[in-house]
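Read through the structure below, which is laid out as structure tokens, and then see the notes.
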Amino acid sequence: MPEVEAVCKKLRLEAEGCLIRRARLLRSSIAKGDVEQACNRATLTRVERRGKNIFLHLSSGGILHVHLRMTGNLYVIPDYRFLVGAVRVVWELADGRGIVFEDPRALGRIALIYAVPEYGREPLDPDFTATELAGMAKGSRKPAKLFLLDQDKVAGLGNIYAAEALFRAGIDPRRQMGTLRKPRLEKLHSAIVAVMSGAVESVYELYSQPGNMIEAERQTLMVYGREGEPCRVCERPVKRLAQSGRSTYYCSGCQK
DNA sequence: TCGATCCTGTAG
DNA sequence: CTACAGGATCGA
């Protein structure tokens, strides 16, 4: 989500209000609906983010729902005729620039829709409270990590920041969500807000700099991707386990 | 609540 | 060669 937010901010600055001459779909399997038709001579009126989802509002009335998944990226290039890398879609702007959807793994998706759907709570929305989190947690038998990945509960937490938030809150990722009591949930709530707002800031800064953004962001992480390395707090080696086929990193000393 | 699937790239 | 990767969805 921090990356998605960075992508949206950049796109708003550079391309909001711009006229799209046409869109070219270079890999049709990633798109649903007639994306090319909807973009034809349409203005990009607004760029909106909900969780990890991007919504590109068009003056034609259509909305492009873009999901970057693992390796997708969306950015403006100076000339739409010069494409580099795994470009799946290019929007040719009237001023000669282009917006590209680049995605080497091609897991990202674009769909033409007409209304923005509902998602879970935005962690950075000031209305998101610990009480609300407690309400969602109540009765849930899901392991805490999987609960945090559920986009219908809190929208935007991914594998990295779910692990980081649990570390900060001192919660074992396998712990059943419904068994956590209020004080601990309050701690988790503030951990989520702190982790996400910090990440949104640092990723946006790194986003405009050369080099691999994720590599730089890794330096700031407490547990994610650090299996075997000493915990930055208690020195115990960071552990890794699989939950629903995905890696979870945690510290057995700090997380109970 | 798993595992497989969608894809490709990279590290070991 | 195998394992793994920031995500979501589907069917068992």
Side-chain angles (χ1 to χ4, degrees), chain A residues 1-8 25-32 49-55 65-75 83-89 100-111 113 116-120 123 137 139-167 173-179 192 195-196 198-200 202-204 206-207 211-229 238-250:
Chain A
M1 186 279 252
E3 278 184 80
V4 179
E5 177 64 14
V7 162
C8 287
L25 198 51
L26 307 179
R27 159 102 53 138
S28 55
S29 57
I30 66 154
K32 218 160 65 175
R49 181 189 62 76
R50 284 267 196 278
K52 302 171 193 166
N53 301 276
I54 301 168
F55 298 95
H65 177 190
V66 180
H67 200 302
L68 304 176
R69 293 278 180 98
M70 313 268 242
T71 52
N73 199 1
L74 193 63
Y75 58 94
L83 304 180
V84 189
V87 176
R88 308 306 183 186
V89 186
V100 293
F101 176 57
E102 193 183 44
D103 186 4
R105 274 179 79 176
L107 291 172
R109 292 289 179 267
I110 298 184
I113 59 171
V116 174
E118 290 298 318
Y119 291 97
S140 171
R141 289 186 299 196
K142 271 192 185 171
K145 160 82 172 335
L146 299 181
F147 177 92
L148 292 185
L149 289 181
D150 184 344
Q151 302 296 300
D152 296 330
K153 305 270 190 328
V154 182
L157 279 168
N159 209 34
I160 297 176
Y161 299 109
E164 294 298 308
L166 289 172
F167 174 82
R174 296 161 293 193
R175 177 76 180 271
Q176 282 195 357
M177 197 62 192
T179 67
I192 290 169
V195 161
M196 292 309 269
V200 160
S202 70
V203 170
Y204 184 61
L206 295 168
Y207 189 73
N212 189 327
M213 161 176 45
I214 295 307
E215 275 317 303
E217 177 65 6
R218 262 183 215 292
Q219 312 297 313
T220 72
L221 304 178
M222 299 298 280
V223 284
Y224 182 86
R226 302 188 65 245
E227 183 184 16
E229 291 172 44
V238 171
K239 290 190 178 181
R240 180 166 77 103
L241 62 88
Q243 290 181 292
S244 291
R246 309 190 68 195
S247 289
T248 299
Y249 298 87
Y250 70 105

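Below, chains carry the letters A, B, ... as their sequence lines are ordered, and counting in each starts from 1.
Comparing dG7(C), dT8(B), dT1(B) by their closest approach to the side chain of Arg88(A) singles out dT8(B). In this structure, of dA5(C), dG7(C), dC2(B), it is dC2(B) that holds the atom nearest to the side chain of Leu146(A). Here the side chain of Arg105(A) is nearest to one of dT1(B), dT8(B), dG6(C), namely dT8(B). For Arg69(A), the listed nucleotide lying nearest its side chain is dA8(C); candidates were dA5(C), dT1(B), dA8(C). Side-chain proximity of Asn159(A) to the nucleotides dG7(C), dA5(C), dG9(B) is greatest for dG7(C).
Note: CG (Leu241(A)) to C1' (dC2(B)) measures 15 Å, nearest angstrom. Following rounding to the nearest Å, Asp103(A) (CG) and dA5(C) (P) show an atom-to-atom distance of 18 Å. Atom pair Glu5(A):CD and dG6(C):C1' shows a separation of 17 Å (rounding to whole Å applied). One atom, CG of Leu68(A), and another, C1' of dT8(B), lie 16 Å apart when rounded to the nearest Å. Going from atom CG of Leu149(A) over to atom C1' of dT1(B) covers 14 Å, rounded to whole Å. The NZ atom of Lys153(A) sits 15 Å away from the C1' atom of dA8(C) (whole-angstrom rounding). Put simply, CD on Glu102(A) is 13 Å from C1' on dT8(B), counting in whole angstrom units. Here dA5(C) presents its P atom at 21 Å from CG of Asn73(A), a figure rounded to the nearest Å.
If you check distances only, the side chain of Arg246(A) never reaches the base of dA5(C) with a donor-acceptor pair under 3.5 Å.
Neither OP1 nor OP2 of dG7(C) sits under 4.0 Å from any side-chain N or O of Tyr161(A). An OP1 or OP2 oxygen of dG7(C) is reached within less than 4.0 angstrom by a side-chain nitrogen or oxygen of Lys52(A). Between dG7(C) and His67(A), no contact under 4.0 Å exists linking OP1 or OP2 to a side-chain N or O. Proximity of Arg27(A) to the phosphate of dC6(B): no side-chain N or O atom is located under 4.0 Å from OP1 or OP2. Residue Ser247(A) has a polar side-chain atom (N or O) positioned under 4.0 Å from OP1 or OP2 of dA5(C). The side chain of Ser244(A) places an N or O atom within less than 4.0 Å of a non-bridging phosphate oxygen (OP1 or OP2) of dC2(B).
Separating the CD1 atom in Ile30(A) from the CZ atom in Arg88(A) is a distance of 7.5 Å, to the nearest 0.5 Å. A distance of 11.5 Å separates CG of Leu68(A) from CG of Leu107(A), quoted to the nearest 0.5 Å. Interatomic distance, Gln151(A) CD to Asn53(A) CG, rounded to the nearest 0.5 Å: 7.5 Å.
Nucleotides dC1(C) and dC6(B), compared at atom C1', are 22 Å apart to the nearest Å. Remark: the separation of the C1' atoms in dT1(B) and dG6(C) is 23 Å, to the nearest Å.
Toward the 5′ end of DNA chain C lies the nearest nucleotide of Arg240(A), the other residue of the pair Gly158(A) and Arg240(A) mapping further downstream. Along DNA chain C, the nucleotide nearest to Asn53(A) and the one nearest to Gly245(A) differ in position, and the one closer to the 5' end is contacted by Gly245(A).
Note on Pro2(A): nothing from the nucleic acid sits closer than 4.0 angstrom, heavy atoms only. Within 4.0 Å (heavy atoms only), Tyr119(A) reaches no atom of the nucleic acid at all.
Using Watson-Crick or G-U wobble geometry with both donor-acceptor distances under 3.5 Å, dG12(B) finds its partner in dC1(C). Searching all strands for a Watson-Crick or G-U wobble partner of dA8(C) with both distances below 3.5 Å returns dT5(B).
Lys52(A) and Leu157(A) get closest at one heavy-atom pair: NZ-O, 3.2 Å. Smallest separation of non-hydrogen atoms from Phe101(A) and Gly72(A): CE1-CA, 4.3 Å.
Put simply, the side chain of Ile192(A) reaches to within 4.5 Å of the side chain of Leu148(A), judged on heavy atoms.
Electrostatic pairing of Arg69(A) and Asp103(A) does not count as a salt bridge here, judged by no charged N lying under 4.0 Å from a carboxylate O.
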